[in-house]
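Each chain gets a letter, A, B and so on, in the order the sequences are listed, and its residues count up from 1. Computed from heavy atoms alone, side chains included, the values below leave out hydrogens, waters and symmetry copies.
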Amino acid sequence: MKIATFNINGIRARIETLTGWLAEAQPDVVVLQEIKTQDEAFPHEPIADLGYNIATHGQKSFNGVAILSKYPLEDMMRGLPGDGSDEQARYIEATVVGERAVRIAGLYLPNGNPQPGPKFDYKLAWMERLRNHARSLRDSELPVVMMGDYNVIPEPRDAAHPEKWRDDALFQPESRAAFRRILNDGWVDAIRLRHPDSLRGPFTFWDYQAGAWQRDNGIRIDHILLSPQAADLLVDLGIDRDERAKDKPSDHVPVWAVLEA
DNA sequence: ATGGTCGCTAAGCGA
(Lines give C-alpha, C1' and ligand atoms only; values in the text may rest on other atoms or scores of the structure.)
Protein backbone atom coordinates (compact mmCIF):
# COMPACT_ATOMS: atom_id res chain seq x y z
CA MET A 1 0.00 0.00 0.00
CA LYS A 2 1.49 3.31 -1.14
CA ILE A 3 0.28 6.24 0.93
CA ALA A 4 1.12 9.90 0.46
CA THR A 5 0.60 13.41 1.79
CA PHE A 6 0.46 16.49 -0.45
CA ASN A 7 -0.28 20.09 0.51
CA ILE A 8 -1.87 21.05 -2.80
CA ASN A 9 -2.31 24.80 -2.10
CA GLY A 10 -5.69 25.19 -3.82
CA ILE A 11 -7.23 22.12 -5.45
CA ARG A 12 -9.02 24.06 -8.20
CA ALA A 13 -5.89 25.90 -9.28
CA ARG A 14 -3.88 22.69 -9.03
CA ILE A 15 -6.13 19.96 -10.44
CA GLU A 16 -3.93 19.24 -13.47
CA THR A 17 -0.80 19.24 -11.30
CA LEU A 18 -2.51 16.75 -9.00
CA THR A 19 -3.86 14.40 -11.66
CA GLY A 20 -0.51 14.41 -13.46
CA TRP A 21 1.24 13.36 -10.27
CA LEU A 22 -1.43 10.77 -9.38
CA ALA A 23 -1.10 9.14 -12.80
CA GLU A 24 2.67 9.02 -12.46
CA ALA A 25 3.12 8.13 -8.79
CA GLN A 26 0.14 5.77 -8.54
CA PRO A 27 -0.43 6.13 -4.79
CA ASP A 28 -3.21 4.02 -3.24
CA VAL A 29 -4.09 6.59 -0.59
CA VAL A 30 -3.44 10.36 -0.55
CA VAL A 31 -4.21 12.99 2.05
CA LEU A 32 -4.47 16.54 0.71
CA GLN A 33 -4.16 19.82 2.62
CA GLU A 34 -5.17 23.38 1.75
CA ILE A 35 -7.82 22.38 -0.77
CA LYS A 36 -9.19 25.92 -0.14
CA THR A 37 -12.69 25.11 -1.22
CA GLN A 38 -16.05 24.01 0.08
CA ASP A 39 -17.02 20.39 -0.49
CA GLU A 40 -19.50 21.28 -3.26
CA ALA A 41 -16.81 22.89 -5.42
CA PHE A 42 -14.24 20.09 -5.05
CA PRO A 43 -13.34 18.74 -8.53
CA HIS A 44 -14.38 15.12 -8.01
CA GLU A 45 -14.58 13.92 -11.58
CA PRO A 46 -10.96 14.07 -12.81
CA ILE A 47 -9.82 12.35 -9.61
CA ALA A 48 -12.56 9.72 -9.60
CA ASP A 49 -11.69 8.99 -13.24
CA LEU A 50 -8.28 7.81 -12.01
CA GLY A 51 -9.94 5.29 -9.73
CA TYR A 52 -10.08 7.14 -6.42
CA ASN A 53 -12.79 7.31 -3.80
CA ILE A 54 -12.90 10.81 -2.31
CA ALA A 55 -13.76 12.22 1.09
CA THR A 56 -13.47 15.95 1.71
CA HIS A 57 -13.60 18.23 4.72
CA GLY A 58 -13.66 21.60 3.06
CA GLN A 59 -13.97 25.25 4.02
CA LYS A 60 -14.51 28.41 1.99
CA SER A 61 -11.25 30.03 0.81
CA PHE A 62 -8.90 28.62 3.44
CA ASN A 63 -7.67 25.33 4.89
CA GLY A 64 -9.57 22.20 3.91
CA VAL A 65 -8.38 18.59 3.79
CA ALA A 66 -9.30 15.47 1.84
CA ILE A 67 -8.56 11.77 1.49
CA LEU A 68 -8.31 10.02 -1.86
CA SER A 69 -8.21 6.23 -1.86
CA LYS A 70 -8.33 3.38 -4.33
CA TYR A 71 -9.77 1.34 -1.46
CA PRO A 72 -13.17 2.11 0.05
CA LEU A 73 -13.04 4.70 2.83
CA GLU A 74 -14.49 3.34 6.05
CA ASP A 75 -15.35 4.87 9.43
CA MET A 76 -14.82 8.45 8.23
CA MET A 77 -14.19 11.13 10.81
CA ARG A 78 -14.01 14.86 10.07
CA GLY A 79 -12.54 17.42 12.46
CA LEU A 80 -10.04 17.01 15.28
CA PRO A 81 -11.72 16.08 18.59
CA GLY A 82 -11.28 18.21 21.67
CA ASP A 83 -12.89 21.56 20.81
CA GLY A 84 -16.44 21.66 19.48
CA SER A 85 -16.14 25.39 18.76
CA ASP A 86 -13.22 24.96 16.32
CA GLU A 87 -14.62 25.63 12.83
CA GLN A 88 -11.40 25.31 10.85
CA ALA A 89 -11.28 22.30 8.50
CA ARG A 90 -7.90 20.78 9.26
CA TYR A 91 -8.39 17.11 10.07
CA ILE A 92 -9.83 13.99 8.43
CA GLU A 93 -9.51 10.33 9.29
CA ALA A 94 -10.58 7.04 7.73
CA THR A 95 -9.76 3.35 7.58
CA VAL A 96 -8.59 1.68 4.39
CA VAL A 97 -8.24 -2.06 3.96
CA GLY A 98 -5.65 -3.45 1.60
CA GLU A 99 -3.96 -6.65 2.66
CA ARG A 100 -4.66 -5.32 6.11
CA ALA A 101 -6.51 -2.44 7.71
CA VAL A 102 -4.68 0.87 8.18
CA ARG A 103 -6.12 3.90 9.94
CA ILE A 104 -5.19 7.05 7.99
CA ALA A 105 -5.22 10.56 9.48
CA GLY A 106 -4.70 13.62 7.26
CA LEU A 107 -3.96 16.91 8.99
CA TYR A 108 -3.19 20.54 8.29
CA LEU A 109 -1.69 21.92 11.48
CA PRO A 110 -2.12 25.67 12.07
CA ASN A 111 0.71 27.87 10.81
CA GLY A 112 0.69 29.97 13.98
CA ASN A 113 2.19 33.19 12.64
CA PRO A 114 2.58 35.82 13.79
CA GLN A 115 3.94 34.77 17.13
CA PRO A 116 3.38 35.58 19.85
CA GLY A 117 -0.36 36.10 19.48
CA PRO A 118 -3.73 34.38 19.24
CA LYS A 119 -2.78 32.43 16.11
CA PHE A 120 0.22 30.96 17.90
CA ASP A 121 -1.93 30.12 20.93
CA TYR A 122 -4.35 28.33 18.59
CA LYS A 123 -1.47 26.37 17.06
CA LEU A 124 -0.23 25.16 20.43
CA ALA A 125 -3.75 24.31 21.63
CA TRP A 126 -4.35 22.39 18.39
CA MET A 127 -1.13 20.45 18.92
CA GLU A 128 -2.21 19.51 22.42
CA ARG A 129 -5.53 18.25 21.05
CA LEU A 130 -3.65 16.33 18.37
CA ARG A 131 -1.44 14.73 20.99
CA ASN A 132 -4.45 13.64 23.02
CA HIS A 133 -6.14 12.15 20.00
CA ALA A 134 -2.92 10.54 18.79
CA ARG A 135 -2.61 8.74 22.11
CA SER A 136 -6.01 7.12 21.64
CA LEU A 137 -5.04 6.14 18.08
CA ARG A 138 -1.81 4.66 19.37
CA ASP A 139 -3.70 2.77 22.05
CA SER A 140 -5.78 1.05 19.36
CA GLU A 141 -2.62 -0.96 18.59
CA LEU A 142 -3.62 -0.95 14.93
CA PRO A 143 -1.35 0.32 12.14
CA VAL A 144 -1.99 4.09 12.12
CA VAL A 145 -0.49 6.75 9.87
CA MET A 146 -0.82 10.44 10.84
CA MET A 147 0.44 12.53 7.98
CA GLY A 148 0.17 16.00 6.57
CA ASP A 149 1.47 19.55 6.79
CA TYR A 150 2.52 19.85 10.43
CA ASN A 151 3.89 23.38 10.03
CA VAL A 152 6.72 22.43 12.37
CA ILE A 153 10.43 22.41 11.55
CA PRO A 154 11.57 19.73 14.00
CA GLU A 155 15.31 20.49 14.12
CA PRO A 156 17.85 23.01 12.75
CA ARG A 157 18.91 20.49 10.09
CA ASP A 158 15.34 20.56 8.77
CA ALA A 159 15.92 24.05 7.35
CA ALA A 160 18.47 25.28 4.82
CA HIS A 161 18.93 28.44 6.92
CA PRO A 162 17.58 27.74 10.41
CA GLU A 163 18.65 31.15 11.72
CA LYS A 164 16.15 32.81 9.37
CA TRP A 165 13.31 30.92 11.09
CA ARG A 166 14.27 31.95 14.62
CA ASP A 167 11.23 34.19 15.13
CA ASP A 168 8.82 32.08 13.07
CA ALA A 169 6.03 30.02 14.63
CA LEU A 170 7.19 26.97 12.66
CA PHE A 171 10.51 26.88 14.52
CA GLN A 172 9.62 28.11 18.01
CA PRO A 173 10.85 25.97 20.91
CA GLU A 174 7.20 25.51 22.01
CA SER A 175 6.18 24.21 18.56
CA ARG A 176 9.16 21.87 18.34
CA ALA A 177 8.62 20.60 21.89
CA ALA A 178 4.95 19.88 21.20
CA PHE A 179 5.93 17.93 18.09
CA ARG A 180 8.57 16.04 20.06
CA ARG A 181 6.04 15.17 22.76
CA ILE A 182 3.87 13.47 20.16
CA LEU A 183 6.85 11.51 18.84
CA ASN A 184 7.82 10.52 22.37
CA ASP A 185 4.39 8.99 22.89
CA GLY A 186 5.49 6.29 20.48
CA TRP A 187 5.29 7.68 16.92
CA VAL A 188 8.00 7.31 14.29
CA ASP A 189 9.00 10.22 12.04
CA ALA A 190 9.25 8.16 8.86
CA ILE A 191 11.31 10.64 6.81
CA ARG A 192 13.88 11.02 9.57
CA LEU A 193 13.93 7.26 10.09
CA ARG A 194 14.96 6.88 6.47
CA HIS A 195 17.44 9.81 6.51
CA PRO A 196 19.01 9.43 9.95
CA ASP A 197 22.40 10.93 9.18
CA SER A 198 21.52 13.81 6.88
CA LEU A 199 23.09 17.04 8.15
CA ARG A 200 20.73 19.22 6.06
CA GLY A 201 17.31 18.22 4.78
CA PRO A 202 15.61 16.53 3.10
CA PHE A 203 13.06 19.32 2.51
CA THR A 204 9.39 19.21 1.59
CA PHE A 205 8.57 22.94 1.12
CA TRP A 206 10.17 25.81 -0.75
CA ASP A 207 8.60 29.28 -0.61
CA TYR A 208 7.42 30.84 -3.86
CA GLN A 209 9.36 33.99 -2.99
CA ALA A 210 12.94 35.06 -3.44
CA GLY A 211 13.97 32.10 -5.59
CA ALA A 212 13.75 29.68 -2.67
CA TRP A 213 13.49 26.63 -4.94
CA GLN A 214 16.36 27.67 -7.19
CA ARG A 215 18.53 28.22 -4.10
CA ASP A 216 17.30 25.02 -2.43
CA ASN A 217 16.23 27.20 0.46
CA GLY A 218 13.73 24.68 1.83
CA ILE A 219 12.31 23.32 5.06
CA ARG A 220 10.89 20.01 6.20
CA ILE A 221 7.37 20.53 7.55
CA ASP A 222 5.36 17.74 5.87
CA HIS A 223 5.65 14.65 8.01
CA ILE A 224 4.53 11.02 8.04
CA LEU A 225 4.15 9.73 11.58
CA LEU A 226 3.77 5.98 12.04
CA SER A 227 2.38 4.12 15.02
CA PRO A 228 4.60 1.24 16.17
CA GLN A 229 2.41 -1.24 14.29
CA ALA A 230 2.62 0.88 11.12
CA ALA A 231 6.38 1.37 11.49
CA ASP A 232 6.76 -2.42 11.46
CA LEU A 233 5.17 -2.41 7.99
CA LEU A 234 7.34 0.34 6.42
CA VAL A 235 9.21 -0.85 3.34
CA ASP A 236 9.93 2.33 1.38
CA LEU A 237 9.68 6.11 1.56
CA GLY A 238 10.20 8.98 -0.83
CA ILE A 239 9.87 12.72 -1.40
CA ASP A 240 8.84 13.72 -4.92
CA ARG A 241 11.11 16.77 -5.14
CA ASP A 242 10.82 16.93 -8.91
CA GLU A 243 7.22 18.09 -8.60
CA ARG A 244 8.48 21.45 -7.32
CA ALA A 245 10.24 22.16 -10.63
CA LYS A 246 7.17 21.57 -12.81
CA ASP A 247 4.63 24.08 -14.14
CA LYS A 248 2.19 25.53 -11.62
CA PRO A 249 3.69 23.71 -8.66
CA SER A 250 2.43 23.77 -5.12
CA ASP A 251 5.00 25.19 -2.71
CA HIS A 252 4.98 21.74 -1.03
CA VAL A 253 5.89 18.42 -2.68
CA PRO A 254 4.36 14.98 -2.11
CA VAL A 255 5.83 12.70 0.54
CA TRP A 256 5.00 9.00 0.36
CA ALA A 257 5.55 5.70 2.14
CA VAL A 258 5.00 2.11 1.13
CA LEU A 259 3.59 -0.17 3.82
CA GLU A 260 3.38 -3.91 3.64
CA ALA A 261 -0.36 -3.70 4.07
C1' DA B 1 15.33 46.95 5.76
C1' DT B 2 12.13 45.82 2.41
C1' DG B 3 9.80 43.16 -0.79
C1' DG B 4 9.69 39.18 -3.09
C1' DT B 5 4.91 35.08 -4.85
C1' DC B 6 0.93 32.67 -4.92
C1' DG B 7 -4.52 31.36 -4.21
C1' DC B 8 -8.92 33.00 -3.27
C1' DT B 9 -11.84 36.36 -4.42
C1' DA B 10 -12.45 40.61 -5.67
C1' DA B 11 -9.02 44.58 -1.40
C1' DG B 12 -6.76 42.23 1.51
C1' DC B 13 -5.69 37.99 4.07
C1' DG B 14 -3.19 33.83 4.76
C1' DA B 15 0.86 31.48 3.91
Look at the rings of A:Phe179 and A:His223 and say which category their plane angle falls in: under 30° parallel, 30 to 60° tilted, over 60° perpendicular.
-> tilted

Polar atom pairs (N or O), protein with nucleotides 12-15 of chain B, under 3.5 Å:
| unit_1 | atom_1 | unit_2 | atom_2 | d |
| --- | --- | --- | --- | --- |
| B:dG14 | OP2 | A:Lys119 | NZ | 3.2 |
| B:dG14 | O5' | A:Lys119 | NZ | 3.3 |

A:Phe42 CZ to B:dG7 P: how many Å, rounded?
-> 17 Å

Rounded off to whole Å, could you give me the CG-to-P distance for the A:Asn7 and B:dG7 pair?
-> 12 Å

Interatomic distance at P, B:dA10 relative to B:dA1, whole Å = 36 Å

Run the side chain to side chain donor-acceptor pair (under 3.5 Å) check on A:Asp207 and A:Asn217 step by step: do they pass?
-> CA-CA 8 Å; A:Asp207 202 285; A:Asn217 177 13; over 6 Å; no

Please measure how far the C1' atom in B:dG3 lies from the corresponding atom in B:dA15, and state the result in whole Å.
-> 15 Å

Please report the closest heavy-atom contact between A:Asn111 and A:Ala169, naming both atoms and the distance.
-> O-CB, 3.4 Å

Between C1' of B:dG7 and CG of A:Leu32, the distance in whole Å | 16 Å

Separation of atom NZ in A:Lys248 from atom P in B:dT5, rounded to whole Å = 16 Å

Whole-Å distance, A:Ile11 CD1 to B:dG7 P, equals 13 Å

When the side chains of residues 71-80 of chain A are checked against the rest of the protein, which donor-acceptor pairs come out under 3.5 Å, sequence neighbours left out?
| unit_1 | atom_1 | unit_2 | atom_2 | d |
| --- | --- | --- | --- | --- |
| A:Arg78 | NE | A:Thr56 | O | 2.7 |

Partners meeting side chain to side chain contact (heavy atoms under 4.5 Å, CB included) with A:Pro162 (sequence neighbours left out) | A:Pro156, A:Ala159, A:Phe171, A:Arg200

Using 4.0 Å as the upper bound for N to carboxylate O, is an ion pair formed by A:Glu34 and A:Arg14?
-> no

Quick one: A:Gln214 CD to B:dT5 P, roughly how many Å, whole number?
-> 11 Å

Determine: side-chain N/O of A:Arg14 to OP1/OP2 of B:dG7, distance under 4.0 Å, yes or no.
-> yes

Using whole Å, report how far CD of A:Gln59 lies from C1' of B:dC8.
-> 12 Å

